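Any value given below was found using the heavy atoms of this structure, including those in side chains, with hydrogens, waters and symmetry copies removed. Naming: A, B, ... by sequence-line order, numbering from 1 per chain. Remember, it's a predicted structure, so these values are computed and weren't measured experimentally.
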Number of protein chains: 2
Amino acid sequence: MSEAAIDAAPERKRGSGVKMVYDLLRDDILDLALLPGSPIDEVQLAERFGMSRTPIREALVRLASEGLVETLPNRSTMVSNIDFLNLHHFFDAITLMYRVTTRLAARARRPEDLQIIRAHQAQFAAAVAAQDALAMISTNREFHAAIAEAARNPYFLNISLRILDDGRRLLRLYYQSFEDRLPQEYVEEHEAIIAAIEARDVELCDRLARAHADQIVRQIQQLFARDHRQDLAL
Amino acid sequence: MSEAAIDAAPERKRGSGVKMVYDLLRDDILDLALLPGSPIDEVQLAERFGMSRTPIREALVRLASEGLVETLPNRSTMVSNIDFLNLHHFFDAITLMYRVTTRLAARARRPEDLQIIRAHQAQFAAAVAAQDALAMISTNREFHAAIAEAARNPYFLNISLRILDDGRRLLRLYYQSFEDRLPQEYVEEHEAIIAAIEARDVELCDRLARAHADQIVRQIQQLFARDHRQDLAL
DNA sequence: TGAATTTTATTTGTCGACAAAAAATAGACA
DNA sequence: TGTCTATTTTTTGTCGACAAATAAAATTCA
């Protein structure tokens with residue numbers, strides 16, 4: 001939209017353009033700055049970044065194979081919709097992946113993994129203290145992503161990141177509602193999970209991860225229930 | 001390689017080229033017609049299919065985001081390697097996904113799902129009867145993919161397909177060794193799984209899927225053990 | 001001979017242009 | 001006026017070309 005980007009430094013390193021566009025579009029989609037269903041104009045993006053359509057297209061192809069955008073043949077590509085009708089699939093998947101990655105992290109963790117996990121947890125706690133809902137959402141994602149990394153299984157890591165991204169989009173819809181007592185409970189549950197991973201207590205990790213997933217599932221369900229009542233009131 | 005393709009009909013539908021190249025490369029990679037580590041030449045492919053590099057590149061980007069090829073910046077893209085050192089990650093993942101998808105299929109299955117699953121099982125049984133190892137590998141993949149489809153969870157489906165593809169590549173390495181008694185056991189286990197899904201017996205599905213996964217894990221481990229002995233003998 | 005440096009050749013990433021396909025608009029006809 | 005058809009406009013998919021980056025070859029120098 002802003003013309004500034006056009007005049008700005010056209011000096012870019014060869015190959016960096018795709019990543020730049022990819023990262024920015026991805027963030028915008030996950031933050032709902034680009035709403036589900038909204039079309040993406042290749043030419044407009046090309047002008048905005050001062051590059052040709054080729055790298056833009058490559059970024060879109062990558063986003064498409066991650067399911068973040070959908071491309072109809074010979075027609076415009078648009079931001080993927082959130083499937084509100086089948087949230088139980090998301091709930092099933094996040095519950096299982098929380099459990100599996102936390103269990104595996106308890107087995108495979110190394111000292112540096114715990115450091116990284118603790119760093120993200122500190123940022124999450126800070127976001128909760130600051131009542132910064134957007135920061136809560138993203139740091140919470142990073143916390144669980146770090147656990148999935150520590151689990152070291154590339155298959156589970158891949159699906160976990162995908163689920164966490166969908167969750168980020170989902171929670172972003174309701175970021176206003178995060179000013180109740182729940183976030184503090186999340187902080188404490190995270191601490192318990194870290195301790196269990198450090199103690200290599202696989203069974204405890206399983207129980208804690210399951211309870212943690214149940215917690216977030218219940219919260220999302222409440223948010224949606226509330227939302228539906230509002231819809232009916234109109 | 002063959003010059004015939006160059007002269008062949010240059011009449012293609014707009015947009016079909018990418019899919020054609022993608023499908024062919026994908027099959028070649030999964031069948032090990034393209035060996036892990038071998039480089040992929042864009043120009044050569046472009047000439048072979050009589051198209052420019054643009055659609056070739058798009059196909060390669062798609063394959064890269066599925067992890068089937070790896071692209072180093074400013075350097076050639078090559079077929080991804082199989083990580084033999086960390087096969088336990090594969091074993092963990094396939095065991096869990098067999099269990100989860102079979103369980104969910106028992107709950108979510110519809111009549112048409114069973115038809116599809118049975119069709120693939122029939123093809124698998126035929127491949128076993130014909131002692132056609134390559135057909136066994138691909139039809140076995142389709143059988144489990146059909147179960148994952150019937151489970152109807154897009155997250156689990158996605159990771160299952162990825163795991164099954166890796167398994168196809170892994171088994172393809174040892175397709176010579178399939179002339180022992182194991183395939184017949186697989187046929188019977190598949191039948192038992194189908195019956196359990198039809199009966200909606202979730203717990204039985206879990207046990208059968210786990211046993212089935214254990215079976216294939218054991219077989220792959222044996223194949224690799226045998227292979228290592230051969231290496232040492234040289 | 002062998003290591004370091006320059007030159008050449010190959011390959012990739014990006015660009016601008018063009019044609020096919022679809023959408024939007026205008027026109028014809030009842 | 002409303003519906004169907006023809007025309008224009010917009011947007012996508014593909015192409016050939018070029019320059020940056022890398023690899024390979026040739027040359028220099030110890």
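- In this structure, the nucleotide among C/dG16, D/dC15, D/dA21 sitting nearest to the side chain of B/Ser52 is D/dC15.
- With distances taken from any side-chain atom of A/Asp41 to the nucleotides D/dT12, D/dC18, D/dT14, the minimum falls on D/dT12.
- Across all their heavy atoms, B/Ser80 and B/Glu70 have their closest contact at OG-CG, 3.6 Å.
- A straight line from CD of B/Glu47 to P of C/dT11 spans 10 Å, rounded to a whole angstrom.
- When side chains are defined from C-beta on, A/Arg118 does not count as touching A/Gln115, because their heavy atoms never get closer than 4.5 Å.
- Straight-line distance from the CG atom of B/Leu72 to the P atom of C/dT11: 15 Å, rounded to whole Å.
- Every residue was checked against the side-chain hydrogen bond (donor to acceptor under 3.5 Å, both in side chains) condition with A/Glu149, not counting sequence neighbours, and none meets it.
- Taking the nucleotide of DNA chain D with the nearest heavy atom to each of B/Glu58 and B/Asn74, the more 5' of the two is matched to B/Glu58.
- Atoms CD1 (A/Ile56) and C1' (D/dT12) sit 14 Å apart, rounded to a whole Å.
- Partner of B/Leu25 under the side chain to side chain contact (heavy atoms under 4.5 Å, CB included) criterion, chosen from B/Leu63, B/Ile56, B/Leu68: B/Leu63.
- Between A/Arg53 and B/Thr77, the one whose closest nucleotide on DNA chain C sits nearer the 5' end is B/Thr77.
- In terms of phosphate contacts, B/Arg12 brings a side-chain nitrogen or oxygen within less than 4.0 Å of OP1 or OP2 of D/dC15.
- Of the two residues near DNA chain C, B/Arg14 and A/Arg14, the one whose nearest nucleotide lies more 5' is A/Arg14.
- For the pair B/Ser65 and A/Glu66, the minimum side-chain heavy-atom distance is 4.5 Å or more.
- Residue B/Thr54 places none of its side-chain N or O atoms closer than 4.0 Å to OP1 or OP2 of D/dT14.
- Straight-line distance from the CD atom of A/Gln44 to the C1' atom of D/dT10: 14 Å, rounded to whole Å.
- Side-chain proximity of B/Met51 to the nucleotides C/dT12, D/dT14, D/dC15 is greatest for D/dC15.
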Intermediate values then yes/no, side chain to side chain contact (heavy atoms under 4.5 Å, CB included), A/Phe91 and A/Ile216:
CA-CA 9 Å; A/Phe91 296 150; A/Ile216 199 164; over 6 Å; no
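- Of the listed nucleotides (D/dT14, D/dT12, C/dT12), D/dT14 has the atom at the smallest distance from the side chain of B/Pro55.
- Here C/dT11 presents its C1' atom at 15 Å from CD1 of B/Ile40, a figure rounded to the nearest Å.
- Partners of A/Asn153 by side-chain hydrogen bond (donor to acceptor under 3.5 Å, both in side chains), not counting sequence neighbours: none found.
- Spacing between atom CD of B/Glu42 and atom P of D/dT14 amounts to 15 Å, rounded to whole angstrom units.
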Review item, nucleotides 23-25 of chain C N/O atoms under 3.5 Å of protein N/O:
unit_1	atom_1	unit_2	atom_2	d
C/dA23	OP1	A/Arg75	NE	2.3
C/dA23	OP1	A/Arg75	NH2	3.2

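- Rounded to an integer number of Å, the gap from CE of A/Met78 to P of D/dT11 is 16 Å.
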